[in-house]
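Heads up: the structure comes next, in structure tokens.
The structure displayed is predicted, hence computed values, not measured ones. Sequence lines set the chain letters: A, B, ... in the order given, protein chains first and strands last, and positions in each chain run from 1.
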Amino acid sequence: METPEYRIRATDHIPDMVQLIERLQKKTFTYESEGSIYYRIAKFPEYGKLSKIDLTGIQAGARVDNDRYEKESARDFALWKAPKPGEHFWETEIGKGRPGWHIECSAMAMKYLGETLDIHTGGIDLAFPHHENEIAQSEGATGKPFVRYWLHAEHLLVEGEKMSKSLGNFFTMRDLYGKGYKPSALRYALASVPYRRQLNFTFDGLKQATSSVERIRNFADRLRQGKFPAGLKSGMKQRAAKALNDFDAGLADDLNTAVALAATFDFVREANIAMDTGSFGQEDVAAAQEFLAAFDQIFAVVKDNDAEKLMELGFGAAQEQASDAWVESRLAERQAARRRRDFAKSDEIRKELADRGIIIEDSKDGSVRWKRK
RNA sequence: GGCGCGGUACCCAAGUGGUAAGGGAGAGGUCUGCAAAACCUUUACGCGUGGGUUCGAUUCCCACCCGCGCCUCCA
């Protein structure tokens, strides 16, 4: 996730909203009623094209009995609301009041991104009426398509139930990290299910994500620390190219992350086999790492910044990290013990390291890889 | 009630009119002093249920069941 270029507030953009409403007024998309300004949906025949809603059954005034305002049609929505007693309001060219819900999005999006956006995302619950109204406002004012592609994300479930305040089944990142789950595992768990699927968030799923991330990280470590023969004709470069191609194809198909991950794991397995059989050459390392870099640009789990992220949120500071130098010295001692076949001592040191969160892996060539849990 | 999304192995999940990707977990095995990692084998004659179309359906059509969202306010 990259930091956005702009972080903006609706309250800093009241003039932009007012200007947009004025544009709509000039084109007679609006009418006033009791100090509020409404959007006249009858003037925008394409209304409903996004959510495929059919307005023919909706009658004017059908559901407006307890509506305080007079509207021409039940579906018309407020662009600008007359002030209510005791409520904050702005003094503007179009009168006193405050903006309607939808206008801020149209005004701000077009200000920073232009009159036609490439991609507009949001939760599926916003498709109607919010996004539908954004379209009506924006296209009414500009006469141009507002958005090329809409991406609507499904809602998630928690342990098979819908997430709700009354059920109390929602978690903050802080909750999850407090339970020992890593930021990378959470990112993976959320990203591994395609966005249009209803993701069922479970702790079991988080554990599975943790294991999957470890599998990929183990591969990255092996790539970084392993010794491979030079001058081999392995074909791994072509394999990496195919993996990258499949990975991209998956994402290009409506962000099918499941397919992209399958391509990734296929490659990891093939490369591991090549390593096990000695047919993975030194020249292949770069190609494999390039693939992982491309993968990580999307999933951001290989590069381990978990400790850093946790620190930012106030976790982990209390726990003293074992220093690299200390780990190396303990490993040297263990290797010495192993050479004299003193396995009791060797295992004792391994246990000592494990207690400090250091996992070690012996390899055939006598070298030892280690990582922090 | 209307509109929409979904129901695939123990769990997560891809997918197609022609016989079920990938990950996790379990079991067995290879490697190892032992581990770990990695690799191999194994776990859906089956893809919510019942009909239909077809040479053939998980994939198309119809009906039904279940889960979720929107259809009112607020954002």
Side-chain angles (χ1 to χ4, degrees), chain A residues 10 48 50-58 62-68 74-75 77-78 81 99-102 104-105 123-132 152-164 185 188-190 192-194 196-219 221-222 225-226 246-247 250 253 256-277 280 337-344 346-347 350-351 353-354 358-364 368-371 373:
Chain A
L50 176 68
S51 48
K52 295 175 202 118
I53 202 151
D54 182 8
L55 289 172
T56 50
I58 315 274
R63 215 182 275 117
V64 291
D65 311 86
N66 46 12
D67 202 312
R68 274 167 293 258
R75 287 290 180 196
F77 57 92
K81 295 179 176 181
W101 163 29
H102 318 287
E104 63 185 62
C105 296
I124 185 65
D125 56 318
L126 293 178
F128 185 87
H130 186 231
H131 294 333
E132 202 69 73
H152 286 110
E154 255 300 342
H155 286 174
L156 50 69
L157 298 176
V158 173
E159 301 287 356
E161 291 184 304
K162 66 176 165 181
M163 184 167 67
S164 74
Y188 184 95
L190 297 178
S192 61
V193 177
R196 286 201 295 143
R197 301 289 296 209
Q198 190 170 52
L199 182 150
N200 184 13
F201 179 86
T202 63
F203 286 100
D204 186 47
L206 258 191
K207 290 186 190 102
Q208 294 183 12
T210 303
S211 299
S212 299
V213 169
E214 265 170 28
R215 177 166 167 78
I216 299 171
R217 283 186 180 173
N218 284 337
F219 176 66
D221 284 342
R222 198 176 183 189
Q225 299 179 36
D246 293 347
F247 182 80
D253 183 10
N256 193 332
T257 50
V259 165
L261 285 172
T264 302
F265 284 110
D266 280 340
F267 176 69
V268 168
R269 182 172 11 83
E270 284 165 11
N272 272 323
I273 291 170
M275 290 176 184
D276 286 351
T277 56
F280 191 94
R338 290 184 75 207
R339 270 193 292 277
R340 58 178 191 268
R341 303 191 70 77
D342 181 356
F343 296 121
S346 162
D347 290 350
R350 180 165 63 197
K351 177 74 168 55
L353 288 163
I358 306 297
I359 308 294
I360 60 180
E361 294 171 22
D362 298 326
S363 64
K364 272 188 192 142
V368 182
R369 286 206 303 271
W370 65 273
K371 63 183 179 186
K373 195 171 168 50

[N] and [M]: how far apart are their [atom1] atoms, nearest whole angstrom?
N: B:C31; M: B:C12; atom1: P; value: 36 Å
N: B:C68; M: B:U58; atom1: C1'; value: 22 Å
N: B:U42; M: B:G51; atom1: P; value: 33 Å
N: B:G69; M: B:G26; atom1: C1'; value: 36 Å
N: B:A13; M: B:A44; atom1: C1'; value: 14 Å
N: B:C66; M: B:G50; atom1: C1'; value: 15 Å
N: B:A25; M: B:C11; atom1: P; value: 15 Å
N: B:G4; M: B:C61; atom1: P; value: 13 Å

With the criterion being N/O to N/O and under 3.5 Å, what pairs connect the protein with nucleotides 35-38 of chain B, and how long is each?
{"unit_1": "B:A35", "atom_1": "N1", "unit_2": "A:Asp362", "atom_2": "N", "d": "3.1"}
{"unit_1": "B:A35", "atom_1": "N1", "unit_2": "A:Asp362", "atom_2": "OD2", "d": "3.4"}
{"unit_1": "B:A35", "atom_1": "N3", "unit_2": "A:Arg350", "atom_2": "NH1", "d": "3.0"}
{"unit_1": "B:A36", "atom_1": "N1", "unit_2": "A:Asp362", "atom_2": "O", "d": "3.4"}
{"unit_1": "B:A37", "atom_1": "O3'", "unit_2": "A:Asn218", "atom_2": "ND2", "d": "3.3"}
{"unit_1": "B:A38", "atom_1": "O3'", "unit_2": "A:Asn272", "atom_2": "ND2", "d": "3.2"}
{"unit_1": "B:A38", "atom_1": "O2'", "unit_2": "A:Asp276", "atom_2": "OD1", "d": "3.3"}
{"unit_1": "B:A38", "atom_1": "O2'", "unit_2": "A:Asp276", "atom_2": "OD2", "d": "2.4"}

To check you understand the geometry: which heavy-atom pair defines the closest contact between [X] and [Y], and what is its length?
X: A:Ala189; Y: A:Leu206; result: CB-CD2, 4.0 Å
X: A:Arg75; Y: A:Phe128; result: NH1-CZ, 3.3 Å
X: A:Phe265; Y: A:Arg215; result: CD2-NE, 3.8 Å
X: A:Leu261; Y: A:Ser192; result: CD1-CB, 3.5 Å

Rounding to a whole Å, what distance do you find between [X]:[atom1] and [N]:[atom2]?
X: A:Lys207; N: B:A13; atom1: NZ; atom2: C1'; result: 19 Å
X: A:Glu159; N: B:G67; atom1: CD; atom2: P; result: 18 Å
X: A:Leu190; N: B:A13; atom1: CG; atom2: C1'; result: 15 Å
X: A:Phe128; N: B:C5; atom1: CZ; atom2: P; result: 17 Å
X: A:Arg196; N: B:G69; atom1: CZ; atom2: C1'; result: 14 Å
X: A:Phe201; N: B:C68; atom1: CZ; atom2: C1'; result: 18 Å
X: A:Leu126; N: B:C71; atom1: CG; atom2: C1'; result: 14 Å
X: A:His131; N: B:C71; atom1: NE2; atom2: C1'; result: 16 Å

For [N], give the paired nucleotide (Watson-Crick: N1-N3 plus N6-O4 or O6-N4; G-U: N1-O2 and O6-N3; both under 3.5 Å), or none.
N: B:C74; result: none
N: B:U49; result: B:A63
N: B:A25; result: B:U43
N: B:A38; result: B:U30
N: B:G4; result: B:C68
N: B:U19; result: none

Tell me which nucleotide among [options] gets nearest to the side chain of [X].
X: A:Arg75; options: B:G23, B:C71, B:C68; value: B:C71
X: A:Asp266; options: B:A25, B:G69, B:G22; value: B:G22
X: A:Gln198; options: B:G67, B:G22, B:G33; value: B:G67
X: A:Pro129; options: B:G69, B:A14, B:C71; value: B:C71

- Which sits closer to the 5' end of RNA chain B, A:Gly160 or A:Pro99, going by the nucleotide each is nearest to?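 Looking at RNA chain B, the more 5' nearest nucleotide goes with A:Gly160.
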- Task: Would you mind telling me which residue lines up with the more 5' stretch of RNA chain B, A:His130 or A:Val259, judged by nearest nucleotide?
- Result: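 Upstream on the strand: A:Val259.
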- So how far is it from A:His131 NE2 to A:Asp125 CG, rounded to the nearest 0.5 Å?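 Atom-to-atom, A:His131:NE2 and A:Asp125:CG are 8.0 Å apart.
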Indicate whether OP1 or OP2 belonging to [N] is found under 4.0 Å from a side-chain N or O atom of [X].
X: A:Lys162; N: B:G69; answer: yes
X: A:Ser192; N: B:A13; answer: no
X: A:Asn200; N: B:C11; answer: no

Identify whether any heavy atom of [X] sits under 4.0 Å from a base atom; if not, whether one sits that close to sugar-phosphate; answer base, sugar-phosphate or nothing.
X: A:Thr264; answer: nothing
X: A:Asp347; answer: base
X: A:Phe343; answer: base

- Test A:Glu361 against every option in A:Arg369, A:Arg222, A:Arg350 by the salt bridge (Lys or Arg N to Asp or Glu O under 4.0 Å) rule and name the one that passes.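 Among the candidates, only A:Arg369 passes.
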- Look only at the side chain of A:Asp253 and the backbone of A:Asn256, and say whether a donor-acceptor pair between them is shorter than 3.5 Å.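 Side chain of A:Asp253 to backbone of A:Asn256: no pair is present.
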- Message: Determine whether a donor-acceptor pair (one donor, one acceptor, N or O, separation below 3.5 Å) exists between the side chain of A:Gln208 and the base of B:G23.
- Response: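 By the distance-only test, yes, there is a pair.
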- Item | Evaluation steps, side chain to side chain contact (heavy atoms under 4.5 Å, CB included), between A:Lys371 and A:Arg217 | CA-CA 10 Å; A:Lys371 63 183 179 186; A:Arg217 283 186 180 173; over 6 Å; no
- Using the ring of each side chain (for Trp, its six-membered ring), is A:His130 parallel, tilted or perpendicular to A:Trp101, with breaks at 30° and 60°?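 Parallel: the ring planes of A:His130 and A:Trp101 meet at under 30°.
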- Query: Is there a donor-acceptor contact under 3.5 Å linking the side chains of A:Asp204 and A:Gln208?
  - Reply: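 Checked: A:Asp204/A:Gln208 side chains pair up, N/O donor to acceptor below 3.5 Å.
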